[in-house]
Structure formats: C-alpha cells, structure tokens
Amino acid sequence: MSVFRFVRGFTNRLRVPVRAGGAPAWPRRAVGIGVAALSVACGSRVVDDTSSRRDDFGNPVPLGGRPTRIISLIPTTTELLFALGAGGRLVGRTHWDFYPDSARLVPDLGNGIRPNVEVLLGARPDLVVLYASADNREAARAIRAAGVPVLALRVDLIAEFVRATETLGLVIGAEDRARAVIDSVTRSLASVAAATAGLPRPSVFFLAYQNPLLTIGGWSYLSQLVTIAGGRNVFADLPAPSPQVAFEEVLRRNPDHLVVSPATAAELRRPGRWQALPAVREGRLLIMDTTLVGRPGVRLGEAARSLARLLHPGTVR
Amino acid sequence: MIRFREVSARYPGAATPALDRVSLDAPAQVLTAVVGPNGSGKSTLIRAMLARIPLAGGQVIVGGQDVHDLTRREAARRVAVVVQREEPAFPMRVRDYLALGRYPHAGAWGGGERDAAAVERAARDAEVAELLERGTDALSGGEWQRVRLARALAQETPAIALDEPTTFLDVGHEMAAFELLAQLARAGRAVFVVSHQLNLVARFAHHVVLLHRGRVVAAGAPDEVMRAAVLESVYEWPLVVARDPAVGAPTLIPLRRVGPPRS
Amino acid sequence: MRRLAWLPLAALCLAAAVVAVAVGPVRLSLGEVWGALAGNADATVTAIVREVRLPRVALALLVGAALGMSGAVLQGTLRNALAEPYLLGVSGGAAVGAVVMVSAGATAPAAVSLAAFGGAVTAVALVLGIARAAGARGDPRVLLMAGVVIGAFANAAILVLLANAPGDTVRGALWWMMGSVGAAEWNDAAWLAGALLVAGAPLVHWSRDLDALALGHDSAAALGVEADAASRRLFLAASLLAAASVASAGLVGFVGLIVPHIARRLVGVRHRAVLAVAAIAGAALLVLADLAARTARAPAELPLGAVTALLGVPFFLTLLRRAR
C-alpha cells in the first residue's frame, strides 16, 4: 500500500492549478519530446541562478557546505542520496523508507509529516530534507531556528523530481552524479515513451483508497508515468494528486483497466458494487509493483517500463 | 382491601429502618389516613404498595393478594395510586393525561368507549372538566393536583391511595378534595390517604394511624389518636387539641414557642 | 388532523426517495432512470441507478428510520428531550471497534461494520453492567452517567489509537466517524432492515409502557408498568437499533435528536404514533441529507454527519426561541 500512502501522505493538500508543461493530456507524438523538454527547461533554470535558488518553501537553498550528517524525511530523497553516493552520510530517515535495502540501516526517526523535531535535532544533523507540505512548515521553522539548514522539496511530478535531484546534488556537492541520474532517468522514460508511441491507449483508473473513494489525479507522477507507458488516466483532468471521486462517475468513465495493489485486488474479486464495472467483472485488474512504482525516484524509468508491460503485454519488453 | 402486615423496610445505606413492623388495615368504605412527622415513613408505605422498595419483612396485601404475587398491571387494577410528585417529561393535553389512567384496563389498541366515558366521569368528579383541552404545562399547582386526582379516578379501581393530595390546594379546594374522598369511601371504595394535614384528617378520616420513626404509635378513630400528649411527643412541638362544637372534630392548634411577640 | 399528520409526511418521504434516485453527480434524464429501473437502459446507467443509487437511498431510509425511533424511545425513557441514540456509549464503542479494524489495516467495509457493531454492543453491555453493579438496574440517571463514563473512555482510546497511526488509517477512521451511506450495498440494507424488524417491532409494542414511563418510574408503576424492567428493555432495544445504524453508516448525529421533537409536534405524546412518525420523518430527513451530501460538492462527497450536524443549528435556535 505504500504507493498510495506516499501519494496521499505527501500530496493530499495540493490543489494547484495546472501549469504549462505540467500534468494532463500529453499529445501522442509529443510525449517523448515533452519529457526531454521538461528536464531541459528545469535544467537551464538551475544553471542560470544558483545563487538565488530557492527551495519549495521559498527559502534560500543552503549552499556552500558539505553536509555529512543528513536527515532525509522523504522516501524519494533517501533513495536519491544513496544513488548520489551520499548514503553513508545519512543519519536519519522516515519510518517508511526502505529503498534501497541499505536504507534500513539508517536510523528510523518516525514520521516524515509533522516529524518530532526534538528527535531530529537529537541526531545532530547538519542538513534536514523535508517534504514541502503545509503540515511541515512549523517543523521547518523550528529546525532552522535551532541552527540546522533545511531543504524543503516537493516531488509529486516528474519535473519536480528532476528539480529536486539537481538541488540536492548542488547542496551535497554531487552535481555530476545528480546530472548522471537525471540523464539516465530522462533517457529511460523517453525510450519507454517511444516504445509505446504508436500503440492504442487503454484507459486506467487508479483505486487509491476505498472509503472515501480516492483516485490518482492529473497532478501526480503516477498519472504522468501512465501516459508515458502508453495509457490514459481517466481522471487525469482532475488537477490534484489524489482527489475524491463519486463511484457513479467511475462507472460513467468506464475505464479499461483498474490499477490496484495486490490486497485490493483480492477484495475487488468478492461480490459487491465494484462488480458493476466491466473492468472488474472481466478481471482486467493491473496489479502494481508498489516497491517500484510507490514513489518517484531514481527508478522512474523502470517504473514506467513495468507499467508499459502491464498495459501492453507482449508488445513492450 | 389494603393491608400492611408487619411490614419492615430499610433504604440502602440507612442507619434506621424506614418502616418497622408496621401493621394497618384500610378496608372498603373507610377513609383511612396515615399521619406523622416528616421522615416517619408515610411515603415509604406508598412505595411498598407499589413494590418499588424491597421489604425486609412482612407483607403488603391488596385486594386479598400479596402485592409481590401480582403483576404490576393486576395491582394497578385493584388500587389507583397518586404519588406525591409528578412531572410529565413532555407536556400533553389533560384529556390524554387522564386517558393514561385507563392503561391497566386498556386492551392492545386502547381508547374504547368505556375508556372515554370513564375519563369524562373522572373529570367531572374532580372538577377539572373545563381543563380537559388544556396542556399539562399550562396548569396552576392546584389545577395540576386535581387533574392527577382525576386520573386516579379514571382508573376506576376498588381502592385508591394518595400521598399528600392537597399540597397546592387552597382552603376551598382542600375541603372539596377531602369531601370527594369521603364520598368515594361512602360509595364503597377503600380510600387510603397519607397526609400531614392533621386537621383535615381529623374532620374526614374514619380511621387514623399515627406513624413515628417507622413505627405505629397510635391507631384508631380521630378522637382517640388526636391527643395532645401523644402528638406533642411525636411532633416535638407544644400544641393544644381543641374541640369546637361547630366543627365536630378535634382541632389541633400549635402554640408559639417562646414569650410574647417582640414589638 | 392529528391522526392524518403522517400522511403528508409519508408522501414527503416517498418524494424524497424518488428525487434521490433520480439525482446524482452523473446527470441522468428521468427517462434513463425509469429505463434503468425497468431494466431496459444501457449497462452503465442501469449500474448507476441500481447498484449505486438505489441501495444508497434504501440504506439512508433505513438508517433514518432506525435513528428516529431510537431517539424517540430514549427521550421518552430518560424523560429528557435532549437525549439521543448514542447516549449509552453506542457511538463511542462503535467508533473504537471501527478504528481498531481500520488501524489493523482491514479496509473491507464488512469487517469494519462488524467491528463497529461489536464495539457498540460491548459498550452497551458495559453500561448496563455498571448500572447493575451500582444497584440501580433501570434508573435512567445511573444509566446516563454510566454511558458518559464509557463514552469518555472510548474517546480517549480513539485518540490514542489515532495519535501515531499512519496517514491512511487516520483518514479512513475519520471518514467512518463522519458518517456516510456512500459504500452502501444491498446486503447492508438487508441487515439493517432485519435489525429494524427485530428491535423496532417490539418497540412499537412496548410504546404503551413508554407513555407511562414518561411520567416517572413511581407513576408508571402506579399505572401498572414494571418500571425498571420496562426501562431496561427499552434501552436495550433502542441501543441495538442505534448500534445497527452506526455499524452500517458510521456516526450520523442529530437525526435521533431532532426527529422525535418533530414527531411529537405533529402527533402529540402518544408514543405509538410518535415512534411511527419518527421513523418516517427520520427516513425522509436522512435521504435528503444524503442527497445534499453527494451533490453539494460533486464529485467529492460531504460526510453525512456534517450535513446532519448543520441541521442541528436551526433546530436548536428554534428550541431556544420557544424556551423563552
């Protein structure tokens, strides 16, 4: 269930209007170009004004040091720090960070949302990476007041992930490796997009949570991944990460597939109102690998490929 | 009709019993009154009759049967009880309130002709006929008291027991109430009244029982019980018992305790 | 007029149900709705009407009726116009059961419902047990106090359970506690209908006892009612109804509080009539509240408990004005 916990936990209060180049409705042919253009656009911004760079809370990014005691309170950045070779410099992670496996050796400091500031400071960090949600503003202020630099990042969209990678690379002094990661991710995403470019696009519905009924909206990397993987999120028109929808509306949009976790798949097979959906009746359930797809991260390319394989079995390797 | 045989009862946690081997009879055609100071156990007798308090000993017999052997419904068909205080949770029409008195008799659906007639008769006897359409929350204290009496009358039972029925009534209504009770006794019912109105009791009751600290200290006709010596020791207040020929019954007059009035 | 007051009310209830089936976040024409009911519309429309809206409306009707009756019984037994169905620890116990289930990761609605019902029944049993231990088995005041105690304990337990729970648990638990008939399926309605029959039918039969109890226990005994036993029976039945409602729809407040007042205004104090009218009025009220809950902010849904709580505002204002 970690996908949905991640998405909801970190994105549930974001109701931001769609930005140009952001979420929904990627025209078929421009998919691959779009991804590349995005990362380039973000990249050029980085190169231009390193000095006045700001994090996602609007505060200046802590540059110039070389932090050796880093607390990462976002699963994405924990994984990223290992990919950037800084795994040994981690002194704290959230309770939900398990990737890569060596992350388990890093001390568990509790929640990533509304963290226990005292516990964080007790680990004597020289950098704390937080998820930039309104719930964390207080914690960020308290940590900064205690003299520890804070980096607040949002990682809901692929573009945000790219930007976060760059910023992190800058802050910890690993710009080259950051660039390498970004290039690798961008290339693999582009290759998946290209592989699915000419294929018919089945529609999918993400069943994120049942009571209340939540799905993945357009403002989410998952929705973007589905597009790259040659599918279409039926609720991509909703500009939110995990909006609530009416069951009637799901019936009306009649998705070709449902994307669910393994536990939910078992529940759906039992008799109930979900049987009213043709996709459920005919067993067209796509079971995601939450370890891969659960968060935006260095393995985005693989995640896209796994989704593409589910959507186009036999056609995509 | 109503008999208490060596009835003893004690409230949980109380040091002394509320009733201590009380025996008394309230037969038909007699107006029996129980008098005594506050806390002497008068109201406890009523609760024992309703089986609302467990007995430590003795029996309460109503209509020839032990109260504990009867269902509440059967008991309610033998004796109508007017408790000391009553406050309906939701205001209702007086007519509907009187109709409640028919519950022990009413069949599964209630509200037959007999019931309506009983209600009308009761309202007339208790002089509340003009109040029938009023709400129970729109009555004065005295009117409410009479309405409650009317409900007991509507129950049409061979015995009727009342706990302090004249509390809010003015002189005229007090007398009218006791006249009615005396009349009911004459007509054949057993009337059992708990009251602290010694003078009214002396005027109307055929049989008086004096209770003190849960025990019967005197019982008999009003003349026998209304003796200054006994009453003084029970009520712990100086008094004289006078006899006015116009009244025809002993009258109790309490005396002022100390000296002349201050001026 | 008093006798026939229930007729326009029943008509209102029926109309509300019809409107609720015809209206929803997805716009359907009356013809399509009729077609779906008759069985000759396309699969999606039929599914929407038959699998989503109808069970939902049915459940709303049943929950409203159950809560209305339960509230009327408790107000009469406790002689208190502000009593409501969740008084004897029903809501607290049910919430603890549901939160425990959700925390354990079980999201299947049936599991949560069962746990909620179990929790509610346990709480009521505890309340009755406490009253018996205190030596006052049917005394309303003691029962009330015991209910408050259990309720307070339950609230504390819920706070502890939620304090360190992960995000989805908190969200799922809160959603349940705010009340909803959104996940209604036909077997939920069937269970509740059964509960209404099992607990509700006897209540109508015992309504005479309620009339007498409304005068106080001593007076009720004088009228031939076994006051303590009748009191206990009525509490039990009313709490079972409330527990079944909570298990089906979460915590939906205010209906059980407001509806008996409306019923008494319409048909007087005779409880047989009050219970029947409370059932119909409660059903109508909840169907309309659910309609508002799912259309006011479509496609998102307002919690049902929020809509009914809003109803509390004009209600209490009216009470206040009348009290002056």
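Just the heavy atoms: all of them, side chains too, but no hydrogens, waters or symmetry mates, feed the values below. Please read these numbers as outputs of a predicted model, since none were measured by experiment. Below, chains carry the letters A, B, ... as their sequence lines are ordered, and counting in each starts from 1.
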Does atom [atom1] ([X]) have a neighbourhood of more than 12 heavy atoms from anything else shown, all under 6.0 Å?
| X | atom1 | value |
| --- | --- | --- |
| A/Q275 | CD | yes |
| C/R27 | CZ | no |
| C/F153 | CZ | no |

*Among pairs that include at least one residue of residues 253-285 of chain A, which meet ring-ring contact (aromatic ring centres under 6.0 Å, His included), considering only residues two or more places apart or in two chains?*
A/F247-A/W274
*asked:* Show the nearest heavy-atom pair for residues C/G172 and A/Y209, with the distance to one decimal.
replied: CA-OH, 3.3 Å
_Greatest number of heavy atom pairs closer than 4.5 Å to chain C - which of A/R270, A/R252, A/R273, A/E248_ = A/E248
*Part of residues 46-56 of chain C lying next to chain A, heavy-atom separation under 4.5 Å*: C/A47, C/I48, C/E51, C/V52, C/R53
